[in-house]
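All chains are named by letter (A, B, ...) in the order of the sequence lines, taking the proteins before the strands, and each is independently numbered beginning at 1. Bear in mind the structure is a predicted one, so any value in this text is a computation, not a measurement.
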Amino acid sequence: MAEETELRYEPASIEPKWQQRWAADPTMYAAESADCGKPKYYVIEMLPYPSGKLHMGHVRNYSIGDALARHMWMKGYNVLHPMGWDSFGLPAENAALKNNTPPREWTLSNIAAMKKQMERLGLGYDWEREVTTCLPEYYRWNQWFFLRMYEKGLVYRKQSKVNWCPQCATVLANEQVVNDCCWRHETTPVEQRNLEQWFYRITAYADELLDGIDALEGWPEKVRTMQRNWIGRSKGTEVDFFAYNDEAITAGALKGNGEAEQRGEKIRVFTTRIDTIFGATSVQLAPEHPIVARFAANDAKLKAAVEAMIEQQKKAKEDGDIGSIEKEGIFTGHYAINPYNQTKVPIWIANYILADYGTGAIMSVPAHDERDFEFAKKYDLPIVQVIEPVQNEDTTELPFCSKEGKIVNSDPLVDGLTCLEAQKKLQEIARDKGFGEAKTTFRLKDWGVSRQRYWGTPIPMINCPACGLVPVPDDQLPVLLPEQIAITQQGGSPLSRVPEFLNTTCPKCGAAAKRETDTMDTFVDSSWYFYRYTDAKNPAQPFDPKAAQYWFPIDQYIGGVEHAILHLIYSRFWTRVMRDLGLIVNDEPATRLFTQGMVLKDGSKMSKSKGNVVSPDDMVASYGADATRMYALFAAPPDRDLDWQEDGVAGISRFLGRVYRIALKYAPAAVAAKGTRLDKPTGTALKLLRKLHQTTAKITLDFEGRWHFNTCVAAIMELVNEIQSADAELAKGEVPQAAVYELLHTLTLLLAPFAPYLAAELWEMLGEKGNVLRAPWPASNAELAKENEKELPVQINGKLVSLVRVAADADAKTIEAAALADEKVQSRTAGKTVAKVIVVPGRAVNLVVK
RNA sequence: GCGAAAGUGGCGGAAUUGGCAGACGCACCAGACUUAGGAUCUGGCGGAGCAAUCCAUGGGGGUUCGAGUCCCCCCUUUCGCACCA
């Protein structure tokens with residue numbers, strides 16, 4: 001009885017003991033200096049928002065990163081593995097409203113709580129480099145970057161329509177609008193408002209951000225595709241049509257190109273298929289196109305129809321089914337002149353034309369565009385074919401949208417040319433005559449960063465009645481966020497209601513002036529935090545360029561795929577800005593990116609409303625941190641979704657208990673054999689050591705690329721099962737102690753990345769004083785790992801019939817002979833002809849029998 | 001609609017190059033030790049059949065000596081994009 005109690009694996013006593021010892025050693029997970037002589041390895045997990053509690057997604061994310069970091073430490077790398085807090089943002093203000101707690105206090109106490117959870121989980125972070133984005137030591141550099149970008153023309157201000165979430169009472173970036181609803185309030189439609197906003201000119205880097213994706217070979221293809229789509233580069237041409245009303249044309253007012261320019265009202269269209277312009281049979285305008293309002297000014301009927309269409313578009317956007325609504329159009333009664341041939345075409349307003357893409361106007365070529373074709377059919381507009389498909393084209397039916405063809409029926413200048421040749425030619429003409437130009441359009445918009453919120457980085461600008469907008473001088477940074485302010489639900493920027501903050505003097509002329517009261521989007525904070533880790537306490541610069549140059553790029557970045565566009569595009573943008581400021585030399589922030597799958601419960605995302613949230617604290621309390629972490633790695637490959645099953649965690653806990661008891665039983669005697677070597681193991685010792693070296697090889701290989709930690713854990717279980725099944729021999733002392741020692745020693749090392757607490761405990765049992773993290777990762781002896789005999793499957797006509805035991809390196813002849821000699825094979829082939837024998841040495845034998 | 005990933009026992013998953021389908025774990029069943037068991041140990045565990053055997057990786061075809069794996073068609077699920085001119 002007493003003995004049994006003693007043998008019980010109790011993480012609740014083992015783990016806190018080690019946690020305390022580790023806390024006493026701040027160098028435990030500290031990165032070393034650049035001249036330490038080791039190769040560097042920079043691995044981070046995406047920093048969390050300090051909501052107050054870790055969720056299982058965090059646990060999974062950090063278990064993956066921590067296992068990798070630990071493995072790299074053991075491999076002898078100088079590892080940088082830091083953690084921080086993305087700690088500005090709306091929830092702090094909401095909490096302030098709800099509980100009357102100041103945002104700063106609420107945030108900092110959440111951070112303290114979550115840090116405790118991380119420490120309890122045994123995650124190995126270099127806390128000396130902790131970055132907390134809501135502290136002035138950090139956000140002053142957001143302001144500093146803002147000013148540098150302002151100087152370079154990468155920050156500008158414009159009156160613009162912005163996405164407004166009535167729930168958040170603030171502006172959202174395009175990236176924060178999901179299905180035309182707020183990304184935090186998925187059922188709240190986003191409204192449009194006109195406000196003066198600050199923008200980062202990310203489009204200045206649009207080409208580079210897009211082209212750079214090709215080089216990101218260590219990033220998931222999925223993320224690369226999403227970024228390509230998001231940037232959405234489209235190369236085409238803009239040309240001006242000229243609007244007339246019908247009377248002007250019939251009255252002969254139109255005499256030629258020159259006159260058209262004088263008289264017409266310009267309608268600029270964007271097209272990727274300027275080669276089809278002679279097939280344009282109408283011009284289509286978005287209902288919100290500015291010229292539409294002028295057409296409708298004296299036409300009440302048109303005005304009503306347009307307003308209805310705008311309403312319809314808006315609703316479709318909100319419902320997320322813009323893209324599938326029935327095409328509808330309104331004829332304006334006006335006509336436009338094709339600038340190339342002076343052809344008169346009707347101007348329509350159409351519900352499938354978007355005001356905020358391109359110029360909000362298109363030329364409609366029904367013969368060569370699906371949508372235009374559909375529209376023309378419905379409204380009986382002419383369809384003029386101007387491209388003749390090449391011979392081998394599969395379908396020649398209209399609409400013919402491929403570029404594989406020759407221009408016909410157009411103009412002597414382009415007839416007979418290929419589409420691409422014609423495009424080039426027509427662009428030249430437009431440029432020479434001044435009615436158009438080649439143009440590249442992006443879906444990516446400039447990054448609106450103004451937020452009418454309190455808990456964010458104050459924008460370092462001052463509005464002086466005399467001097468206008470004046471940047472805050474560097475020596476007045478940081479512009480501190482006032483701490484004691486009343487958070488209310490009134491609209492507008494909370495800072496505008498804080499006179500001490502609002503009122504200041506102009507840095508230029510000294511007159512009374514007012515501060516900018518908007519704060520920055522929190523995505524600013526996370527765009528460069530990982531650079532700060534390299535020199536987290538620098539009071540004079542965002543970071544020392546030398547430190548960043550040593551550590552960057554990040555070798556492995558790990559996080560959720562939900563950040564594939566927002567955070568990861570902004571980070572790539574910011575990296576380029578910093579490069580152009582001369583702070584860093586890398587173009588991209590991270591060489592490799594890994595996106596882990598979600599943690600589910602009963603097949604669906606954990607959420608309070610579903611009541612299926614599993615708390616990491618409960619798991620750790622019941623089964624320990626090691627079991628919780630190891631289960632997170634064991635239950636599924638890291639890139640796939642994982643369904644959390646508590647019974648599974650219990651299983652891991654039982655497994656760890658088995659390991660613990662084996663060590664308790666056999667370590668004391670084995671320690672005596674420490675340092676001795678077993679030269680030629682035989683029997684059970686050979687069998688166990690062979691399995692040990694196979695396991696080592698498998699796990700080492702997986703860390704190098706595949707990352708199937710679920711099978712790594714399974715392999716360790718197989719090894720332990722094999723040790724367990726040799727229990728009788730071990731108990732009788734039939735296995736040499738040197739072999740037992742090697743088994744336990746290496747097993748401990750293999751466990752170290754996955755179960756750090758138990759590994760530390762076993763390490764101590766084995767008489768080791770130092771930290772297991774500093775012990776070298778075990779090498780697999782290939783000679784020992786190799787099987788000398790193998791059981792090969794014998795098939796007859798592809799069906800498994802028997803197994804034959806042969807030497808592992810047996811040649812084809814030997815294997816064939818063994819297979820033919822096999823009893824089962826003989827009885828199956830009796831009286832039949834063996835037509836063919838296929839031998840794959842080391843793999844299989846197949847007899848073709850007739 | 002377009003694109004990507006996935007579909008394997010009761011469940012999570014394994015099979016890295018075309019070569020023993022179901023490793024490992026959970027659940028379940030039986031046994032041992034027990035006053036007791038949410039402890040531990042031993043054994044069993046895809047389906048059908050007493051058995052020899054047969055059937056089985058979403059469905060249907062194909063390539064191959066041999067297919068979960070390669071090719072074609074279809075179905076389902078998840079994700080991304082979606083009138084972007």
Looking at every strand, decide which applies to K790(A) at a 4.0 Å heavy-atom threshold: base, sugar-phosphate, or nothing. nothing
Spacing of the P atoms in rC74(B) and rC83(B) (rounded, Å): 25 Å
Can you tell me if the side-chain N/O atoms of R640(A) get under 4.0 Å from OP1 or OP2 in rU77(B)? no
Look through every strand shown and name the nucleotide pairing with rU69(B) as Watson-Crick or G-U wobble, where both distances are under 3.5 Å. none
Does a distance-only test, which skips hydrogens and angles, find a donor-acceptor pair under 3.5 Å between the side chain of K836(A) and the base of rC65(B)? no
Where the side chain of R658(A) is defined as all heavy atoms beyond and including C-beta, which of rC41(B), rG12(B), rC24(B) is the nearest nucleotide? rC41(B)
Between L800(A) and R273(A), who's closer to the 5' end of RNA chain B by nearest nucleotide? L800(A)
Just call it for N721(A): base, sugar-phosphate, or nothing, with non-hydrogen atoms closer than 4.0 Å on any strand. sugar-phosphate
Please report the distance separating the C1' of rC72(B) from the corresponding atom of rC81(B), rounded so that it comes out in whole Å. 27 Å
Under 4.0 Å between any heavy atoms, over every strand shown, what does I325(A) touch: base, sugar-phosphate, or nothing? Just pick one. base
Quick check on the 6.0 Å ring-centre criterion: do F703(A) and F754(A) meet it? yes
Close aromatic pair by centroid cut-off 6.0 Å: W644(A) and Y631(A): yes
Looking across every strand, which nucleic acid part, if any, lies under 4.0 Å from G232(A) by heavy atom: base, sugar-phosphate, or nothing? nothing
Taking atom P of rC24(B) as reference, at what distance in whole Å does atom CE of M630(A) sit? 15 Å
Rounded to the nearest angstrom, tell me the gap between atom CZ in R228(A) and atom P in rC81(B). 15 Å
E370(A) near the nucleic acid: base, sugar-phosphate alone, or nothing, with a heavy-atom cut-off under 4.0 Å? nothing
With a 4.0 Å cut-off on heavy atoms, is K799(A) in touch with a base, just the backbone sugar-phosphate, or nothing at all? sugar-phosphate
As a test of reading the structure: which of rA15(B), rA39(B), rG66(B) is closest to the side chain of R654(A), going by heavy atoms? rA39(B)
Would you indicate what E718(A) reaches in the nucleic acid, counting non-hydrogen atoms under 4.0 angstrom: base, sugar-phosphate, or nothing? sugar-phosphate
Judged by modelled atom types alone, do D618(A) and Y623(A) share a side-chain donor-acceptor pair under 3.5 Å? no
For N710(A) and rA14(B), is the shortest distance between a side-chain N/O and OP1 or OP2 below 4.0 Å? yes
Any strand counts, and the cut-off is 3.5 Å on both contacts for Watson-Crick or G-U wobble. Which nucleotide pairs with rA32(B)? rU40(B)
Donor-acceptor contact present, side-chain D275(A) to main-chain Q423(A), <3.5 Å: no
Hey, does the side chain of S234(A) come within less than 4.0 Å of rA85(B)'s phosphate (OP1/OP2), counting only N and O? yes
Residue Q645(A), side-chain heavy atoms: nucleotide from rG19(B), rC11(B), rA23(B) that is nearest: rC11(B)
Quick one: sort the F270(A) and Y357(A) rings into parallel, tilted or perpendicular, breaks at 30° and 60°. perpendicular
In whole angstrom, what separates F655(A)'s CZ from rC41(B)'s C1'? 17 Å
If you draw a 6.0 Å radius around NZ in K832(A), do more than 12 non-hydrogen atoms from other residues or ligands fall strictly inside? no
Report yes if a side-chain nitrogen or oxygen of Y357(A) is closer than 4.0 Å to either non-bridging phosphate oxygen (OP1 or OP2) of rA85(B); otherwise report no. yes
On a whole-Å scale, what distance lies between the C1' atoms belonging to rU57(B) and rC50(B)? 29 Å
Look at the side chain of R843(A) against the base of rU17(B) and say whether a donor-acceptor pair falls under 3.5 Å; ignore hydrogens and angles. yes
Say we look at rA15(B) and rG9(B): how far apart would their C1' atoms be, to the nearest angstrom? 15 Å
Which part of the nucleic acid, if any, lies within reach of D647(A) when heavy atoms closer than 4.0 Å are counted: base, sugar-phosphate only, or nothing? sugar-phosphate
What's the gap between rA85(B) and rC79(B) when it is taken at their C1' atoms, as a whole Å value? 27 Å
Expressed as a whole number of angstroms, how long is the span from W644(A):CH2 to rC11(B):P? 21 Å
Please classify the glycosidic conformation of rG9(B) as syn (within 90° of 0) or anti (everything else). syn
Which nucleotide in rG19(B), rA82(B), rU40(B) has an atom nearest any side-chain atom of R661(A): rU40(B)
Shortest side-chain distance from R8(A), nucleotide among rU53(B), rG37(B), rG19(B): rG37(B)
When rounded to the nearest Å, what value does the distance between C1' atoms of rU69(B) and rG18(B) take? 6 Å
Using atom OH of Y352(A) as one end and atom C1' of rA82(B) as the other, report the distance to the nearest whole Å. 16 Å
At under 4.0 Å between heavy atoms, what does I353(A) touch on the DNA or RNA strands: base, sugar-phosphate, or nothing? base
When V713(A) and L354(A) are each assigned the nearest nucleotide of RNA chain B, the 5'-most assignment goes to V713(A)
Please tell me if Q724(A) has a side-chain N or O lying less than 4.0 Å from either OP1 or OP2 of rC41(B). yes
Ignoring the backbone of F634(A), work out which of rG66(B), rG12(B), rC41(B) is nearest its side chain. rG12(B)
So what's rA85(B) paired with, Watson-Crick or G-U wobble, going by both distances under 3.5 Å? none
Taking the P atom in each of rC20(B) and rC70(B), what is the distance between them to the nearest angstrom? 16 Å
Heavy atoms under 4.0 Å, any strand shown: does D372(A) hit a base, just sugar-phosphate, or nothing? nothing
As its Watson-Crick or G-U partner within any shown strand, both distances under 3.5 Å, rC26(B) has rG10(B)
My understanding is that a pair needs two contacts under 3.5 Å, Watson-Crick or G-U wobble. By that rule, which nucleotide pairs with rC79(B)? rG3(B)
Evaluate the side-chain proximity of V845(A) to Q795(A): yes if any heavy-atom separation is below 4.5 Å, no if none is. no
With no hydrogens and no angle check, do the side chains of S780(A) and K698(A) hold a donor and an acceptor under 3.5 Å apart? no
Nearest whole Å is fine: how far is rG13(B) P from I652(A) CD1? 14 Å
Of rA85(B), rC24(B), rG66(B), the nucleotide closest to the side chain of I362(A) is rA85(B)
Can you identify which nucleotide, out of rC83(B), rC81(B), rG80(B), has its nearest atom closest to the N351(A) side chain? rC83(B)
Just checking E823(A): does its CD atom have more than 12 heavy atoms from other residues, nucleotides or ligands closer to it than 6.0 angstrom? no
Distance between the P atoms of rG25(B) and rC33(B), in whole angstroms? 25 Å
Taking CG from L803(A) and C1' from rG19(B), how many angstroms apart are they, rounded to a whole number? 12 Å
What is the pairing partner of rG18(B), taking Watson-Crick or G-U wobble pairs with both distances under 3.5 Å in any strand? none
Between L642(A) (CG) and rA14(B) (P), how many Å, whole number? 11 Å
Which heavy atom of K605(A) sits nearest a heavy atom of K610(A), and at what distance? O-NZ, 3.6 Å
Among the candidates rU16(B), rC83(B), rA85(B), find the nucleotide nearest to the side-chain atoms of F270(A). rA85(B)
